[in-house]
Number of protein chains: 2
Amino acid sequence: MENNAKKRQRPGRANIKLEDVAIHAGVSPATVSRFLNNPKVVSEEAKKRIKAAIATLGYMPHRAARALASNHSRTIGAVVPTLDNAIFSRQIMAFQNRLAFNGYTLLLAVSEYDADSEFQQARVLLEHGVEALMLVGERRSAEFYSLLTRVGVPFVNTWLYRSDSIHPCCGFIHDSTQQVLVDHLVGLGHRRLSVITGQPENNDRVATRLNAIVAALESHGLDLDPRCVINTHYSYADGREALRRLMALDEQPTAVLAGNDVLASGVLFEAHSQGIDVPGHLSVTGFGDLAISEHLYPPLTTIRTPKEEIGEAAADFLIARLAGRETPDRTELPARFCLRASTGPAATPALAHGIGGDGF
Amino acid sequence: MENNAKKRQRPGRANIKLEDVAIHAGVSPATVSRFLNNPKVVSEEAKKRIKAAIATLGYMPHRAARALASNHSRTIGAVVPTLDNAIFSRQIMAFQNRLAFNGYTLLLAVSEYDADSEFQQARVLLEHGVEALMLVGERRSAEFYSLLTRVGVPFVNTWLYRSDSIHPCCGFIHDSTQQVLVDHLVGLGHRRLSVITGQPENNDRVATRLNAIVAALESHGLDLDPRCVINTHYSYADGREALRRLMALDEQPTAVLAGNDVLASGVLFEAHSQGIDVPGHLSVTGFGDLAISEHLYPPLTTIRTPKEEIGEAAADFLIARLAGRETPDRTELPARFCLRASTGPAATPALAHGIGGDGF
DNA sequence: CTGTTAGCGCTTTCAT
DNA sequence: ATGAAAGCGCTAACAG
């Protein structure tokens, strides 16, 4: 017992291996391996003894060794822009839950809306041998896509659906969500709309929605004054500040399309403290339908996005692919219009510096 | 080129391995390995050729093989109760960010506040060879702790600090946060307080805070009417409903201590729609200080918890441990009292069915 | 500074 | 149904 003293103990693991279990159970390692991976080919007798051995020894399989030998890591990766937004956290929760249920473990990375970081992190996940990858959005470098196909792991772009996408995707059609919102507002008599949204450079969904708004307005013969478009970050304070800037215009918009519910909430808060009546003087729409949105004053008219559904569908898709099952490349999970009380008929445009007659 | 046709291609990986790089660069595999792990011991000449080989072949290291050979997976695991709560998502973001910066990858699991699930998921992470583990809370089975010590991976309990804890921890002292809140309210003249919080059975922090409230009240010679304690879940709707139940009591409380800011928001929303004046008729406190809390009507008096700081401190602690660096077992990251406008002097207790004189 | 040589713990043919 | 044996891709002595 002193000959291999130099052989370092695995730090960080109970040192019991499959072979120990085999010895203890009086079978070969191969049989224990079969028991672990395909128990039905093992005799009842052996099964019983192996089970007992595992229990008494407290054996834990070594997944890296298994991954090396079998080419299956039983891990799936995800790279999301942030977890700050309840939207992605819910997607990830649903995703992880589905993975765990199917015996997969999640490797998670956050890109912070940075394309290079997304690429870099995805590389690392691939090095770790993730068998599949969930991503957000679809705009990424050719190099990234070529890595993905070269490595050959299944992947899925989430949060968007395009029937003509060349990549697997699951999500909804962003354009129509904005069309619905614009139709709604224009139908209420709004002619001068404004937009407060994120950074289209780092976010293809934002870019798509912005274009869709312009197109929708055009379809009504309206256009979008560039001064009425504010690109900002996703915080309450940013939403508030954006509204202040909009209200400082000499021709004020009668409605604001906020890029997400956080921004919309900020707008509502700022409107409240400035005594701007919503929807009397100003209509506000959001995007995302956070849990809080229906409770705001007034409850927010918004688009409900299928956060959990996307996470689940992405997991199901990848798992099906890994199992060799046929499954459609693209899944549409519709977003829904939620009509609430933050939108109403357009008032005559408030005059600069002349708002705030009632409220407050 | 047909002799090893049976040798399956690694599905899911570019088939280039370290040996190929070595051949291409005209060096031995060992040198390539050194280049990867400790470049400074490799000659400039070799470095150059290896770099080129890696680039032209598009080589990606196989981390499972590396983990097997070196006993280092370069992964760290985390099990959190949920990501629904902005609190844990921010912690995880900060944690992951710090890990990635130090070359570690995050394996994430969600327990949904279930002790068995937490144990089970931690096991899986350990099987995957995580070199360290971040957990939330400290109440778990002896079996769990014994696994942790047997396996010998560093771990840290987060979201709490106890100077006498036998386990590494980072967070704050829950008791004093509640003491501050109670002192504040009692100082304002409140004598009949109520509590709306989570499920103490599944959450040791909740249990601790609840006990701390009772103790704090006692220190003022007050006690907590059991009918004024509502254990519920963390949603806006639950907060609203809880307030309704409280207001239905024949002796109504003049203040509510909500277990977190989501619940507190729900209380505020319900108060608003019932026309209950806050803080005129009812004072409300939260816990957590979410981004939205300062924007609510009225802005919420709450406790700011150090979410990101906990994630970072946990990462730093584990990384230091893995690097063999000395580092204290326990880190206190104080929570701070945020006095805002949702608390005020106690009114004379509102009579049952007689509230709501002004508002709405 | 570099190459050679053994494995890391497990799976998987191929026999039996 | 089971065992023997040959690696999976990489690292880590050791020797030079």
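Chain letters run A, B, ... following the sequence lines, proteins first, then strands; residues in each count from 1.
To the nearest angstrom, C1' of D:dG9 lies 15 Å from CG of B:Asn71. Going from atom CZ of B:Arg74 over to atom P of D:dG9 covers 22 Å, rounded to whole Å. One interatomic measurement links the two molecules: CG of B:Leu18 to P of D:dG9, which rounds to 11 Å at whole-angstrom precision. Atom-to-atom, CG of A:Asn38 to C1' of C:dT13 comes out at 15 Å; the value is rounded to the nearest Å. In this structure, CD1 of A:Ile23 is placed 16 Å from C1' of D:dT2, rounded to the nearest angstrom. One atom, NE2 of B:His72, and another, P of C:dC8, lie 16 Å apart when rounded to the nearest Å. In this structure, the CD atom of A:Glu19 is 13 Å from the P atom of C:dT11, given to the nearest Å. Taking atom CD of A:Glu127 as the reference point, atom C1' of D:dC8 lies 17 Å away to the nearest angstrom.
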Output one line per pair: protein atom, nucleotide atom from nucleotides 2-6 of chain C, and distance, for all N/O pairs under 3.5 Å.
| from | atom 1 | to | atom 2 | distance (Å) |
| --- | --- | --- | --- | --- |
| C:dT2 | OP1 | B:Ser43 | OG | 2.5 |
| C:dT2 | OP2 | B:Ser43 | N | 2.9 |
| C:dG3 | OP2 | B:Ser28 | N | 2.8 |
| C:dG3 | OP2 | B:Ser28 | OG | 3.1 |
| C:dG3 | OP2 | B:Thr31 | OG1 | 2.7 |
| C:dG3 | N7 | B:Arg34 | NH1 | 3.4 |
| C:dG3 | N7 | B:Arg34 | NH2 | 3.2 |
| C:dG3 | O6 | B:Arg34 | NH2 | 2.4 |

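If you check every strand for non-hydrogen atoms under 4.0 Å, B:Tyr59 touches sugar and phosphate atoms only.
Under the side chain to side chain donor-acceptor pair (under 3.5 Å) rule, A:Asp316 has a single partner from A:Arg321, A:Arg325, A:Arg98, which is A:Arg98.
OP1 or OP2 of D:dT11 sits under 4.0 Å from a side-chain N or O of B:Asn37. Taking 4.0 angstrom as the limit, B:Ser33 places a side-chain polar atom (N or O) nearer than this to OP1 or OP2 of D:dT11.
Among all heavy-atom pairs drawn from B:Leu83 and A:Ser89, the shortest one is O-CB, 3.2 Å.
Ring-plane geometry between A:Phe155 and A:Tyr145 is classed as tilted, the angle between the planes lying from 30 to 60 degrees on a 0 to 90 degree scale.
The pair A:Arg162-A:Glu138 meets the salt-bridge criterion, with a side-chain N (NZ, NE, NH1 or NH2) lying under 4.0 Å from an Asp/Glu carboxylate O.
The shortest distance between side-chain heavy atoms of B:Val27 and B:Arg49 falls below 4.5 Å.
The closest side-chain donor-acceptor pair between B:Asn38 and B:Lys40 falls under 3.5 angstrom.
The number of heavy atoms from other shown groups lying within 6.0 Å of CD (B:Glu143) does not exceed 12.
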